Number of protein chains: 2
Amino acid sequence: MPGTPVGPDFPPRIEQGVLSPDGDEWRDVGYSGPSVCSVVGISYRQLDYWARTDLLRPSLTDAAGSGTQRRYSYRDLVALKVIKSLLDGGVSLQTARKAIDYLRDHLGEDLASASLVIEGANTVLAHTGDDIVDLVRRGQGVLNIVPLGGLVESLEASIHDLYAEPLGPKDGAAHPVRRPQD
Amino acid sequence: MPGTPVGPDFPPRIEQGVLSPDGDEWRDVGYSGPSVCSVVGISYRQLDYWARTDLLRPSLTDAAGSGTQRRYSYRDLVALKVIKSLLDGGVSLQTARKAIDYLRDHLGEDLASASLVIEGANTVLAHTGDDIVDLVRRGQGVLNIVPLGGLVESLEASIHDLYAEPLGPKDGAAHPVRRPQD
DNA sequence: CCCCGTAACTACGACCTTGTGACTCTGCGG
DNA sequence: CCGCAGAGTCACAAGGTCGTAGTTACGGGG
């Protein structure tokens, strides 16, 4: 697996409370709903739906009524991307829900080199190829495998694009990117 | 679809050959809808829905109006079981549809030792563990893996149970014939 | 030989899950 | 005080599942 160590600090990993480079408000931290959509490649309605059905809500700031904002952390982005992959791979939302519940508790681990493996009700992180062969051999039901390496990689790329494309006078991450894409 | 209530070539050519031991009617061949349900472990409504939406129709005799019967072959059973597994594994029906389309063309191969691998739009039969590791390494999206060995095995077991637990005194229609061996 | 019960199939519609579109509502910055 | 981005609401659609009622064929009892 490509353990490509990405830029250590480029995507601001703000969950610890880093502020915006401009020393602006705490609000400039994390990712807004629309930004998230363009980064992970889903529609706003989908993100909205997922948030209000508890699949994944923003861990930085949840919405508190009309006029407020949701702020997503980097880890949220990873989780979201995993969900998106699962969906694209033909896995049902229900299954994705369970997988994400598991993932949330293991987001600290070294994701880039691992694969997420779902077998029925159980979810596991496989760190080596042998782990996987083992699982396939033992498994009786279907296995759903998400190679996290490539996933994180393309996530980083999308984030990069987010910063590069729009030109806001002062804010980066907080800046909403209106970009029609399906 | 095809009228053919009782045509010239109606005495169906069974893939495993062999009519009922009693030299009975052609009807005693293959598996009836309800039998299939109990063997594969799905609801009758599901089987019905799948048949009318073309996911998988009985290859021996399709329905030709109310009062007629569907007769499923052993291979149909295998395909059905694969679908069931996919569903249990959280894979969407849509994805299962594509996989089955592929499987239908490869049902002749040696299934018991292989695994069905779905990656996005592509479906493949992997015969060795290395094949799988390879696919995981290359794959960017989600992989869905169905180990066919265990599947065929449990199918055989269910069929056995079906024979062991006779229901009516002479329910010919519900009685499948000839336990297959391929 | 006909009538009736039952197995198995078809028809039809309710209902759930996932979203989507079209608006409306509201807090915040200018 | 106004405009706007983004949250909230509501109606609706597609894809499936499920329950139930209506049909049809077949076989046994009168």
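Every heavy atom of this structure was used, including side-chain atoms; hydrogens, water molecules and symmetry mates were not. Since the structure is predicted, the reported quantities are computational estimates derived from the model, not experimental observations. Convention: sequence-line order gives letters A, B, ...; per-chain numbering from 1.
When every heavy atom of A:S115 is checked against every heavy atom of A:I145, the shortest pair comes out as CB-CG2, 4.1 Å. Nearest approach of A:S73 to A:S59, heavy atoms of both residues: OG-OG, 3.0 Å.
The nearest whole Å value for the distance from the CG atom in B:D54 to the C1' atom in D:dG15 is 15 Å. To the nearest angstrom, P of C:dA7 lies 15 Å from CZ of B:R71. A straight line from CG of B:L47 to P of C:dA8 spans 13 Å, rounded to a whole angstrom. Between B:Q69 atom CD and D:dA25 atom P there is a gap of 11 Å when expressed in whole angstrom units. Going from atom CG of B:L56 over to atom C1' of D:dG16 covers 17 Å, rounded to whole Å. Residue A:L55 contributes atom CG, which lies 9 Å from atom P of C:dT18 at whole-angstrom precision. The interatomic distance linking A:Q46 (CD) with C:dG21 (P) rounds to 11 Å, in whole Å. One interatomic measurement links the two molecules: CH2 of B:W50 to P of D:dG15, which rounds to 18 Å at whole-angstrom precision.
Between the A:S92 side chain and the B:G90 main chain, a donor and an acceptor come within less than 3.5 Å of each other. When atom types are taken as modelled, the side chain of A:D131 and the backbone of A:H127 share a donor-acceptor pair closer than 3.5 angstrom. Between the side chain of A:D76 and the backbone N or O of A:L56 there is no donor-acceptor pair closer than 3.5 Å.
Checking C:dT10, D:dG8, C:dT18 against the side-chain heavy atoms of B:Y44 singles out C:dT10 as nearest. Side chain of A:Y49, nearest nucleotide from C:dT18, C:dC9, D:dT17: C:dT18.
Both B:P34 and A:S66 sit near DNA chain C, but only B:P34 has its closest nucleotide nearer the 5' end.
Both B:V152 and B:L77 belong to a common hydrophobic cluster when Ile, Leu, Val, Met, Phe, Trp and Tyr are linked at side-chain heavy-atom distances under 4.5 angstrom.
A:G33 comes within contact range of no nucleotide atom at all, as no heavy-atom separation falls under 4.0 Å. Nucleic acid contact for B:S43: sugar-phosphate only, since backbone atoms but no base atoms lie under 4.0 Å from a heavy atom of the residue.
By the side chain to side chain donor-acceptor pair (under 3.5 Å) test, B:D134 is found to be paired with B:R138, residues two or more places apart in sequence or in another chain being considered.
For the atom pair B:R97 CZ and B:T53 OG1, the distance stands at 4.0 Å (nearest 0.5 Å). Here CD of A:E153 is found 9.5 Å from CD of B:Q140. Values are rounded to the nearest 0.5 Å.
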Please write out the pairs of protein N or O atoms and N or O atoms of nucleotides 9-11 of chain D separated by less than 3.5 Å, giving the distance to one decimal.
unit_1 : atom_1 : unit_2 : atom_2 : d
D:dT9  : O4     : A:R45  : NH2    : 2.8

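Within residues 83-94 of chain B, no residue has a heavy atom under 4.0 Å from DNA chain C.
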